[in-house]
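Structure first, then comments.
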Amino acid sequence: MPTDLSVPESVKDYYGRVLKSSADLQTSACCIDQAPPRHVTEALRNVHDEVLSRFYGCGSPIPPALEGLTVLDLGCGSGRDVYVLSQLVGAGGRVIGVDMTDEQLAVARRHLDYHAERFGYANVEFRQGYIEDLRDVGIADGSVDLVVSNCVLNLSPDKPRVFQEIMRVLRPGGELYFSDVFADRRVPAPLTTDPVLLGECLGGALYTEDFRRIMADVGCADVRAVSSSPLTVSNPDIEHRIGFITFSSRTIRAFKLPFEDRCEDYGQIATYRGSLPLHPHAFDLDDHHRFPANKPVPVCGNTADMLAGTRYAAHFEVIGDRTTHFGLFPCAPAGPASGESTAAACC
Ligand SMILES: C[S@@+](CC[C@H](N)C(=O)[O-])C[C@H]1O[C@@H](n2cnc3c(N)ncnc32)[C@H](O)[C@@H]1O
């Protein structure tokens with residue numbers, strides 16, 4: 001493992017020794033308050049109890065159309081999402097989980113044979129390392145179709161480096177789909193190093209606008225919020241320390257494509273074919289783009305590329321190109337209560 005990273009030992013200690021199960025968490029930040037989609041719930045029934053008991057995620061970062069993909073789970077912990085994804089990518093796909101903590105990986109690896117037997121194939125591997133240096137764990141440039149992560153990126157001391165690595169390992173048109181804790185303002189310095197606040201996924205939470213800036217810097221000028229729900233901390237001592245900061249759990253979608261930094265209108269139209277497995281009636285690209293099956297919908301240039309330049313292309317008819325420009329695309333994200341933006345570009 002690289003030695004120049006200042007990943008706090010306290011984070012390893014928190015997930016390796018302090019927490020023994022989800023019940024030991026001091027807040028509800030690293031917990032899901034919504035039931036995952038039905039097919040994920042069904043896949044979870046096949047996952048070993050010990051793996052489930054050490055789940056510390058804050059969302060369900062599992063997009064559709066997974067069959068045959070190579071998926072990378074950053075900060076996979078005990079492997080819950082890896083074993084769900086293993087079933088959804090099928091025998092022709094593969095899932096690689098990366099985590100730095102011995103104790104978490106020991107649980108994940110202990111049940112490799114159990115899951116292989118249950119699924120009828122083995123397509124999973126766990127690698128120990130830091131998400132800031134994926135070269136060190138052998139992830140080559142452009143080798144991954146989908147990067148997922150569940151409540152981990154907030155823990156990194158070098159988030160720009162993590163997002164840079166994600167963009168390096170994704171193939172062109174590949175997708176980043178992750179759930180994490182975000183803040184409506186920058187968390188003050190003393191709180192960012194507090195071992196409990198950090199471990200509980202609050203101290204390192206990214207301010208949404210800084211996230212947008214980091215993504216633009218690593219080459220992705222348009223990221224989309226799929227969902228967002230406010231976090232209830234439910235711990236009077238921690239509530240007192242965080243003051244007015246509002247935290248939310250968000251699921252974010254981004255693609256490795258050369259987007260414009262605003263949504264521009266080229267007169268393009270996208271029609272969803274209704275063909276994505278489990279989505280016969282509509283596909284939600286993000287929290288304000290629903291594509292009902294067979295209904296032509298005007299889209300900006302970036303959205304057109306997200307649908308036509310990725311694995312979703314087979315499920316959409318996108319008409320038009322960028323030959324004629326009609327100005328800025330009239331489109332705005334659903335406004336969150338706190339007033340902060342949910343997405344990185346204008347739509
Ligand atoms: C909140 S837990 C989430 C684990 C898992 N994704 C889940 O949903 O159960 C955070 C995990 O990220 C790992 N982690 C945190 N920072 C990391 C880093 N810089 N590199 C690799 N793993 C990291 C921790 O070891 C821990 O297993």
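Counting starts at 1 for both ligands and their atoms, following the listed order. Because the structure is predicted, anything quoted here is derived from the model rather than measured.
- Shown in contact with Y130 at under 4.0 Å from a heavy atom are these atoms of ligand 1, numbered in order with element: 20 (N), 21 (C).
- Numbered from 1 in the order shown, with element, the atoms of ligand 1 that lie under 4.0 Å from a heavy atom of G57 read 7 (C), 8 (O), 9 (O).
- In Y15, the part holding a heavy atom less than 4.0 Å from any atom of ligand 1 is the side chain.
- At a 3.5 angstrom cut-off on N or O pairs, N150 counts as close to ligand 1.
- In terms of polar-atom proximity, D81 is not counted as a contact of ligand 1, lacking any N or O under 3.5 Å from an N or O of the ligand.
- You'll find the side chain of F247 reaches within 4.5 Å of the side chain of V187, heavy atoms only.
- Counting heavy atoms from C-beta outward, I252 and M215 have side chains that stay 4.5 Å or more apart.
- Where the criterion is an N or O separation shorter than 3.5 Å, residue side chain and backbone included, V152 fails it with respect to ligand 1.
- Contact analysis puts C151 in contact with ligand 1, with a non-hydrogen atom separation below 4.0 angstrom.
- With ligand atoms numbered from 1 in the order given, ligand 1 contributes 5 (C) to contacts under 4.0 Å with heavy atoms of C76.
- H48 and H111 have parallel rings, their planes meeting at less than 30° on a 0 to 90° scale where 60° marks the start of perpendicular.
- No side-chain heavy atom of R168 sits less than 4.5 Å from a side-chain heavy atom of V218.
- Contact check on D305 versus R322 returns a salt bridge, with a Lys/Arg side-chain nitrogen under 4.0 Å from an Asp/Glu carboxylate oxygen.
- Between the D145 side chain and the T70 main chain, a donor and an acceptor come within less than 3.5 Å of each other.
- Evaluated by nearest non-hydrogen atom to atom 11 (C) of ligand 1, the leading choice among V11, T101, D99, V82 is D99.
- Taking every heavy atom of F55 and a limit of under 4.0 angstrom, the matching atoms of ligand 1 come to 7 (C), 8 (O), 9 (O).
- Among residues two or more places apart in sequence or in another chain, the side chain to side chain donor-acceptor pair (under 3.5 Å) test is passed with R253 by E175, Y312.
- Among the atoms of I131, some N or O lies under 3.5 angstrom from an N or O of ligand 1.
- The distance criterion of under 3.5 Å between nitrogen or oxygen atoms is not met by D73 with respect to ligand 1.
- Between Q87 and E42 the shortest side-chain heavy-atom distance does not fall below 4.5 Å.
- Numbered from 1 in the order shown, with element, the atoms of ligand 1 that lie under 4.0 Å from a heavy atom of Q104 read 26 (C), 27 (O).
- Shown in contact with G129 at under 4.0 Å from a heavy atom are these atoms of ligand 1, numbered in order with element: 20 (N), 21 (C).
- Salt-bridge formation is detected for the pair D237/R241: a Lys NZ or Arg NE/NH1/NH2 atom is positioned less than 4.0 Å from an Asp or Glu carboxylate oxygen.
- With salt bridges taken as basic N to acidic carboxylate O contacts below 4.0 Å, one links D141 and R135.
- With a 4.0 Å cut-off on non-hydrogen atoms, K12 does not touch ligand 1 at all.
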